[in-house]
Trainee: 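Shown below is the structure under consideration.
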2 protein chains.
Amino acid sequence: MIVVKKKTIKDVAELANVSISTVSNALNGVNVVTPETKQRVLKAAAELNYVPNLMGKQLRSGETKMLGFFTDSVSGPYFYVLVEAISRAVAKLGYGMQVIVPSDHKTLMNNILGNVVDGAIIFEHMINDDDIQQILMHSVPTVLLDRPAHGPKMSSFIFNSQAEGYEATKYLLNLGHRRLGFLAGYENNHDSHLRYAGFKQAIEEAGLNSDEMPVLSGLFEEEASYNAVKSYLHYADEPATAFLAGNDLSAIGAMKAIVSLGYKVAEDFSVMGFDDIEISQYFRPALTTVRNPIARQGILAVDELLAMINGRVGGTEQVLDGELVIRDSTGFAKH
Amino acid sequence: MIVVKKKTIKDVAELANVSISTVSNALNGVNVVTPETKQRVLKAAAELNYVPNLMGKQLRSGETKMLGFFTDSVSGPYFYVLVEAISRAVAKLGYGMQVIVPSDHKTLMNNILGNVVDGAIIFEHMINDDDIQQILMHSVPTVLLDRPAHGPKMSSFIFNSQAEGYEATKYLLNLGHRRLGFLAGYENNHDSHLRYAGFKQAIEEAGLNSDEMPVLSGLFEEEASYNAVKSYLHYADEPATAFLAGNDLSAIGAMKAIVSLGYKVAEDFSVMGFDDIEISQYFRPALTTVRNPIARQGILAVDELLAMINGRVGGTEQVLDGELVIRDSTGFAKH
DNA sequence: TTTGTTTTGGCAAGCGCTTTCACGAAACTT
DNA sequence: AAGTTTCGTGAAAGCGCTTGCCAAAACAAA
């Protein structure tokens, strides 16, 4: 295997006996070059195995034809659904996509602001309001996911978490439940708060006192939820008959706790989650939950971002509604 | 919000009253600049909100400090486990990672060869032997995943699919099964073939005739598998008592088919899969399967790639062994 | 003081590419 | 035959940055 020194546009020009500008024109389909010349250039390029250096190209032209998807949470069910939707949408519009998982805050900002991509989709909890100001100052077209954009010019797509919490709770109330438990997420989780707000709202509207409803906190993981629900069920005099969990994993933990104590899910205790992760439909009993339009969020984000790159001024905040997915983990309240 | 024109190193130099080379040195920690000058530069940079243009930097220096993970299959359980493992490993070594999902073959090759990244991890079925030659010629450090590297200088990490198929089949044989069905993947799937080879090997070793064992093909999806198994079970005179599926999704489809006909999984028919995707442990009955060390594959790939970037010559092909995960979908053969 | 040595910072080249502009030849017009 | 337009091509500038090299300044040694 002979390693050949990297060929540049100059080498192609020499071999084809034309200037480098002609090579550039020929290769980029600018229609000012005769077919014969173009053929000659193409042939020379092929012969040399020429591949344009994208750094040079991008430095000069000022655009990368790349969109960046910045995220810190690679895991989780959202991630690949989003990446898939975004990458497809982006490709359709003649752009490329890069997923960038920055190791620290500085790397993150350097990549957003350092002309690496023409626009950014940010799904990132490292980012703060100052960063947003920075991005605005550098006028990098940007779309925020799952995070409201404070201020104009930056668009965002968020889920209607409060309404989802409200709808889910109403569904449980309609099944006759009057003592509802809420399994909250981490303290600082925005969505979890909103879901709880919706929960309270529905409770109050039904003429019940939301302060009397048990809230177990910090339970975004299966095991934590399992332990908490198990001990709650063990010690509570008159336990809740239905549980609304902050997410599906937590709901699954709750179901396992219920089963472990010899109770039946749905029959004895109803459980509901949020997100409709892949597992939820396979778990037995299959989990009743609320599904967010993740793929749609990705597609909308790409559309908006490309419009912004092409000059449209951003600043829209779109709220996407979830959808109730009723399965087998919920049932009528007993008496 | 006032949009300020993008600041360059030149602006910083002017404000700090030094030359641009001094700015560069100060900013990059080259130790040839007095602390006072450095302070002045840093202050000026902060004041102007200066962020270096990575295109310029990379064009000049010839390195991007970025590794590229090229993939076409975003979905699937492998994907995010790999991305997560790789991104962590890469960050630890002072590099960044980009996931690049090319829309077509040309984009793929341009991104690999166009100096966008210092090295490539390729998990890609678009790539063929010619492409590999190209990459070698351009001497881009590259690691292949799930695909043997033909020839020297390119390293690869593959799973030991044949051994896995062999072990899984032996496990089934040890449970007393004598009629085993194989649910094969797509025709052109490398792993599926190898797993089948292992299957045959174990069958023959046990003194049975592998040609008598039913093989259902093209079943890498749940529904296809469901339908095929259902009709097989319906029409077969003396059906197999155990099924080895080419992957977990296919195994799940088979289990659903078994249940839909009123049989019991494990008791009446054993089912086994490959991959140990997340669902498998949650599905009831939980699936017996073979787990591949995906995260480990990613970490090894990064280590190898960085060594290659730093001059070590590649060409190693490492085979990673899977691990039997015994759950509830398999049981002793009846009689 | 002179000479030699080190430190500090600036100049300028150039990474590979696109793009503006000018030029000469060919094709039209008058 | 001369003037005008069209067209293909090339020269050269410059995108933002790093870096080799050199000059100036500062210091140490003689």
Side-chain angles (χ1 to χ4, degrees), chain A residues 4-42 44-45 48-66 110-111 113-118 138 140, chain B residues 4-42 44-45 48-66 110-111 113-118 138 140:
Chain A
V4 190
K5 196 198 159 302
K6 203 124 199 173
K7 299 302 179 185
T8 73
I9 197 171
K10 205 177 149 201
D11 300 311
V12 179
E14 277 168 13
L15 182 60
N17 247 314
V18 292
S19 74
I20 57 172
S21 19
T22 301
V23 175
S24 176
N25 284 330
L27 257 32
N28 292 302
V30 182
N31 205 19
V32 292
V33 60
T34 42
E36 304 89 73
T37 316
K38 185 166 178 173
Q39 277 313 311
R40 218 167 62 242
V41 171
L42 257 36
L48 294 174
N49 270 309
Y50 170 70
V51 176
N53 181 317
L54 293 181
M55 296 291 110
K57 193 168 189 149
Q58 292 165 4
L59 174 58
R60 172 60 225 233
S61 67
E63 58 175 25
T64 64
K65 288 285 174 189
M66 280 276 173
N110 278 352
N111 274 284
L113 303 176
N115 288 65
V116 179
V117 292
D118 292 348
H138 286 255
V140 177
Chain B
V4 191
K5 197 197 158 301
K6 204 123 198 175
K7 299 301 180 185
T8 73
I9 198 171
K10 208 177 146 200
D11 300 309
V12 179
E14 277 168 12
L15 183 60
N17 248 314
V18 292
S19 76
I20 57 171
S21 22
T22 302
V23 174
S24 176
N25 283 331
L27 256 34
N28 293 303
V30 181
N31 206 19
V32 293
V33 61
T34 43
E36 303 90 74
T37 317
K38 186 165 180 176
Q39 277 313 311
R40 221 166 60 241
V41 171
L42 257 37
L48 294 173
N49 270 309
Y50 170 71
V51 176
N53 181 317
L54 293 182
M55 296 291 111
K57 194 168 188 150
Q58 292 166 3
L59 174 58
R60 172 59 227 233
S61 69
E63 59 175 24
T64 64
K65 287 285 173 188
M66 281 275 172
N110 278 352
N111 274 284
L113 303 176
N115 288 66
V116 179
V117 292
D118 293 348
H138 286 254
V140 177

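By convention in this document, chain letters (A, B, ...) are assigned in the order of the sequence lines, proteins followed by strands, and residues within each chain are numbered from 1.
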Trainee: Report yes if some heavy atom in the side chain of Asn110(B) is under 4.5 Å from a heavy atom in the side chain of Val51(A); otherwise report no.
Mentor: yes
Trainee: Quick one: label Val32(A) by what it contacts on the DNA or RNA (base, sugar-phosphate, nothing), any heavy atom closer than 4.0 Å.
Mentor: base
Trainee: Between the opening five pairs and the closing five pairs of the helix from dT1(C)-dA30(D) to dT30(C)-dA1(D), how far apart are the helix axes, to 10°?
Mentor: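 End axes: 50° apart.
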Trainee: Answer with base, sugar-phosphate or nothing: what part of the nucleic acid does Thr8(A) contact at a heavy-atom distance below 4.0 Å?
Mentor: sugar-phosphate
Trainee: Given that Val23(B) and Ile9(A) both sit by DNA chain C, which one's nearest nucleotide is further toward the 5' end?
Mentor: Val23(B)
Trainee: Between Tyr50(B) and Ile9(B), what is the shortest heavy-atom contact and its length?
Mentor: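 So the two residues come closest at CE1-N, 3.4 Å.
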Trainee: Do any N or O atoms from the side chain of Thr64(A) and from the backbone of Asp118(A) form a donor-acceptor pair under 3.5 angstrom?
Mentor: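 Checking the backbone N and O of Asp118(A) against the side chain of Thr64(A), a donor-acceptor pair under 3.5 Å is found.
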Trainee: Hey, does the side chain of Ser24(A) come within less than 4.0 Å of dT18(C)'s phosphate (OP1/OP2), counting only N and O?
Mentor: yes
Trainee: Base, sugar-phosphate, or nothing for Ser21(A), non-hydrogen atoms under 4.0 angstrom?
Mentor: base
Trainee: Report yes if the side chains of Lys65(A) and Glu63(A) come closer than 4.5 Å at any heavy-atom pair, otherwise no.
Mentor: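 Side chain of Lys65(A) against side chain of Glu63(A), heavy atoms only: contact under 4.5 Å found.
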Trainee: Rounded off to whole Å, could you give me the CZ-to-P distance for the Arg60(A) and dT20(C) pair?
Mentor: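 Between P of dT20(C) and CZ of Arg60(A): 8 Å.
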Trainee: Does the side chain of Lys6(A) come under 3.5 Å of the side chain of Asn115(B) through a donor N or O and an acceptor N or O?
Mentor: yes
Trainee: Return yes if some donor-acceptor pair links the side-chain N/O of Thr22(B) with the main-chain N/O of Val18(B) below 3.5 Å, else return no.
Mentor: no
Trainee: Of the listed nucleotides (dG10(C), dC17(C), dT19(C)), which one gets closest to any side-chain atom of Thr22(B)?
Mentor: dG10(C)
Trainee: dG14(C) P sits how many Å from Asn53(A) CG, rounded?
Mentor: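 Interatomic distance, CG of Asn53(A) to P of dG14(C): 17 Å.
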Trainee: Which whole-number value in Å describes the distance from Leu27(A) CG to dC17(C) C1'?
Mentor: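 Atom-to-atom, Leu27(A) to dC17(C), this comes out as 11 Å.
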Trainee: Categorize Asn115(B) for me: base, sugar-phosphate, or nothing, with a 4.0 angstrom heavy-atom threshold over every strand shown.
Mentor: nothing
Trainee: Go through the steps for Asn49(B) and Lys7(B) under the test side chain to side chain contact (heavy atoms under 4.5 Å, CB included), then give the verdict.
Mentor: CA-CA 8 Å; Asn49(B) 270 309; Lys7(B) 299 301 180 185; over 6 Å; no
Trainee: Find the distance Glu63(A):CD to dT19(C):C1' and express it as a whole number of Å.
Mentor: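 Value for this atom pair: 13 Å.
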Trainee: Rounded to the nearest angstrom, tell me the gap between atom CG in Leu59(A) and atom P in dC17(C).
Mentor: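 Rounded to the whole Å, the gap is 12 Å.
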Trainee: Apply side chain to side chain contact (heavy atoms under 4.5 Å, CB included) to Val117(B) and Val140(B), showing your working.
Mentor: CA-CA 9 Å; Val117(B) 292; Val140(B) 177; 5.6 Å; no
Trainee: So, Ser21(A) versus Ser24(A): side-chain donor-acceptor pair below 3.5 Å or not?
Mentor: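 No, no side-chain donor-acceptor pair sits under 3.5 Å.
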Trainee: Taking any atom under 4.0 angstrom from a heavy atom of chain B, which nucleotides of DNA chain D are the first and last to qualify, 5' to 3'?
Mentor: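 Taking any atom under 4.0 Å from a heavy atom of chain B, the span is dG16(D) to dT19(D).
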